[in-house]
Undergrad: 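Okay, handing you the structure first.
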Amino acid sequence: MHRDSTSAFYDENAEIYANRARSLPKQQLDAFLARLAPGAAIIELGCGGGQDSAYMLSQGFDVTPTDGSAELARQAEMLIGRPVKVMLFQQLDAESAYDGVWAHASLLHVPRSELADVFARIRGALRTGGRLHASFKAGEAEGYDGFGRYYNYPSADWLSELLTNSGWRNIAISESDGGGYDGKPTRWITVMALRAA
């Protein structure tokens, strides 16, 4: 099952993955944080090695880091110096608890058939006016990479329609070229959206 092979990869490679050379997505982080009030409550979904959470904490935000891999969560805890909640996206059940959701290169592992439900859970976890940042590897059909990790590989149009139908507003979608852990050229889709009333 796809979730098992993806989870197995992160559990088995947690230390290498968490400590790899990785550029902080600072431009995107700063753009996201600039739209939030100082000290706003943020939940990071899929914190990986914890670098993004550490940066947001250093900027004075109230951050709740989470990851689906217990091994990766342990690695992140060593960096951040605070507990990381082990949780799958499908287990998010907070109600109006956060001002922002940071999901950088994490929701791309959610099966397409479950993505609408996960977006609804995220929307429920945000307060009115709360913001979502998420990024995905672009594509036209779901599949696996060379490490056996599942990806939903959406197109910008597919994502836009899904978010619109899920009640999100002020949806901004951009595309850029970059890379990933597998070292292959990657087309990235970045989404910012707002929880309206």
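In this chain, residues are counted from 1 in sequence order. Predicted model only: the values in this text are computed from it and were never measured.
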Undergrad: So, taking the atom named CZ in Arg121 and the one named CD in Glu95, what distance separates them when rounded to the nearest 0.5 Å?
TA: 10.0 Å
Undergrad: Is there a donor-acceptor contact under 3.5 Å from the side chain of Asp67 to the main chain of Gly48?
TA: yes
Undergrad: Taking a hydrophobic cluster as the set of Ile, Leu, Val, Met, Phe, Trp and Tyr residues connected by side-chain heavy atoms closer than 4.5 Å, whether directly or through intermediates, do Phe32 and Leu57 fall within one such cluster?
TA: yes
Undergrad: Is it possible for you to check whether Arg131 lies under 6.0 Å from the centre of the six-membered ring of Trp102, through NZ or CZ, and within 45° of that ring's axis?
TA: no
Undergrad: Going hydrophobic residue to hydrophobic residue with side-chain gaps under 4.5 angstrom, can you get from Ile80 over to Leu72?
TA: no
Undergrad: Go through Phe119 and Leu163 one step at a time and tell me if the side-chain contact (heavy atoms from CB on, under 4.5 Å) criterion holds.
TA: CA-CA 8 Å; Phe119 277 137; Leu163 285 161; 3.8 Å; yes
Undergrad: Okay, side chain of Glu77, backbone of Gly50: is any donor-acceptor separation there less than 3.5 Å?
TA: no
Undergrad: Whether the side chain of Thr6 engages the backbone of Tyr150 through a donor-acceptor N/O pair (distance < 3.5 Å, no angle test) should be reported.
TA: yes
Undergrad: Determine whether Leu33 and Leu132 fall in the same hydrophobic cluster, where Ile, Leu, Val, Met, Phe, Trp and Tyr are linked whenever their side-chain heavy atoms lie under 4.5 Å apart.
TA: no
Undergrad: Is the backbone of Gly148 close enough, under 3.5 Å, to the side chain of Asp145 for a donor and an acceptor to pair up by distance?
TA: yes
Undergrad: State whether a side-chain donor-acceptor pair under 3.5 Å links Glu71 with Tyr10.
TA: no
Undergrad: Return yes when atom CD of Gln91 has more than 12 non-hydrogen atoms of other residues, nucleotides or ligands closer than 6.0 Å, and no otherwise.
TA: yes
Undergrad: Please report the interatomic distance CD1(Ile173) to OG(Ser135), rounded to the nearest 0.5 Å.
TA: 12.0 Å
Undergrad: If you round to the nearest 0.5 Å, how far is CG of Asp62 from CE of Met56?
TA: 11.0 Å
Undergrad: Closer than 3.5 angstrom, by distance alone: can the side chain of Asp99 be matched with the main-chain N or O of Ala41 as a donor-acceptor pair?
TA: yes
Undergrad: Compare every heavy atom of Ile171 with every heavy atom of Ala193, then report the nearest pair and how far apart it is.
TA: CB-CG1, 4.1 Å
Undergrad: Is it true that, when you exclude Arg82 itself, more than 12 heavy atoms of the residues, nucleotides or ligands shown sit nearer than 6.0 Å to its CZ?
TA: no
Undergrad: Whether the side chain of Ser176 engages the backbone of Ser174 through a donor-acceptor N/O pair (distance < 3.5 Å, no angle test) should be reported.
TA: no
Undergrad: Measuring from Thr64:OG1 to Ile43:CD1, what's the distance to the nearest 0.5 Å?
TA: 5.5 Å
Undergrad: Would Asp52 and Lys26 pass as an ion pair if we require N to O under 4.0 Å?
TA: no
Undergrad: Step by step, would you call Val101 with Ile42 a side-chain contact (heavy atoms from CB on, under 4.5 Å)?
TA: CA-CA 6 Å; Val101 171; Ile42 300 167; over 6 Å; no
Undergrad: Is there a side-chain contact between Glu114 and Phe89, using heavy atoms and a 4.5 Å cut-off?
TA: no
Undergrad: Nearest 0.5 angstrom please: Gln51 CD to Leu29 CG, how far?
TA: 11.0 Å
Undergrad: Val84, Leu45: one ILVMFWY side-chain cluster at the under-4.5 Å cut-off?
TA: no
Undergrad: Would you kindly confirm whether Met87 and Val63 end up in one hydrophobic cluster when ILVMFWY residues are joined by side chain heavy atoms under 4.5 Å apart?
TA: no
Undergrad: Quick check for you: to the nearest 0.5 Å, what is the distance between Asn165 atom CG and Leu162 atom CG?
TA: 7.0 Å
Undergrad: Using the benzene-type ring in the case of Trp, are the ring centres of Tyr153 and Phe136 under 6.0 Å apart?
TA: no
Undergrad: Give the C-alpha distance, both sets of side-chain angles, the deciding distance and a yes or no for ring-ring contact (aromatic ring centres under 6.0 Å, His included) between Tyr181 and Phe9.
TA: CA-CA 12 Å; Tyr181 182 76; Phe9 168 83; 5.6 Å; yes
Undergrad: Establish, from distance only, whether the side-chain atoms of Thr190 and Gln28 form a donor-acceptor pair under 3.5 Å.
TA: yes
Undergrad: With a cut-off of 6.0 Å (strictly less than), are more than 12 heavy atoms of other residues, nucleotides or ligands near CD of Gln59?
TA: yes
Undergrad: Determine the minimum heavy-atom distance between Leu107 and Ala134, stating which atoms define it.
TA: CD1-CB, 3.9 Å
Undergrad: Side-chain contact, heavy-atom cut-off 4.5 Å: Thr66 with Val86?
TA: no
Undergrad: Given side chains that start at C-beta, do those of Gln90 and Pro111 come closer than 4.5 Å, heavy atoms only?
TA: yes
Undergrad: Classify the angle between the aromatic ring planes of Tyr151 and His109 as parallel (below 30°), tilted (30 to 60°) or perpendicular (above 60°).
TA: tilted
Undergrad: Between the side chains of Asp177 and Trp188, does any donor sit under 3.5 Å from an acceptor?
TA: no
Undergrad: Work out which heavy atom in Arg195 is nearest to a heavy atom in Ser96; give both atom names and the distance.
TA: NH1-OG, 3.8 Å
Undergrad: Tell me if the aromatic rings of Phe147 and Tyr17 count as close, with their centers under 6.0 Å from one another.
TA: no
Undergrad: Return the minimal non-hydrogen interatomic distance between Ser53 and Glu44, and the atom names on each side.
TA: OG-OE1, 2.5 Å
Undergrad: Tyr55 and Asp30: side-chain donor and acceptor closer than 3.5 Å?
TA: yes
Undergrad: Counting distance only, does the side-chain N/O of Ser69 pair as donor-acceptor with the main-chain N or O of Ser7 below 3.5 Å?
TA: no
Undergrad: Step by step, work out the side-chain contact (heavy atoms from CB on, under 4.5 Å) result for Trp168 and Leu126.
TA: CA-CA 11 Å; Trp168 292 89; Leu126 283 169; 3.6 Å; yes
Undergrad: Between Ala156 and Glu175, which heavy-atom pair has the shortest distance, and what is it?
TA: CB-OE2, 3.5 Å
Undergrad: Please report the shortest heavy-atom distance between Lys137 and Leu108, naming the atom on each side.
TA: N-CD2, 3.8 Å
Undergrad: Are any of the side-chain heavy atoms of Glu161 and Asp157 separated by less than 4.5 Å?
TA: no
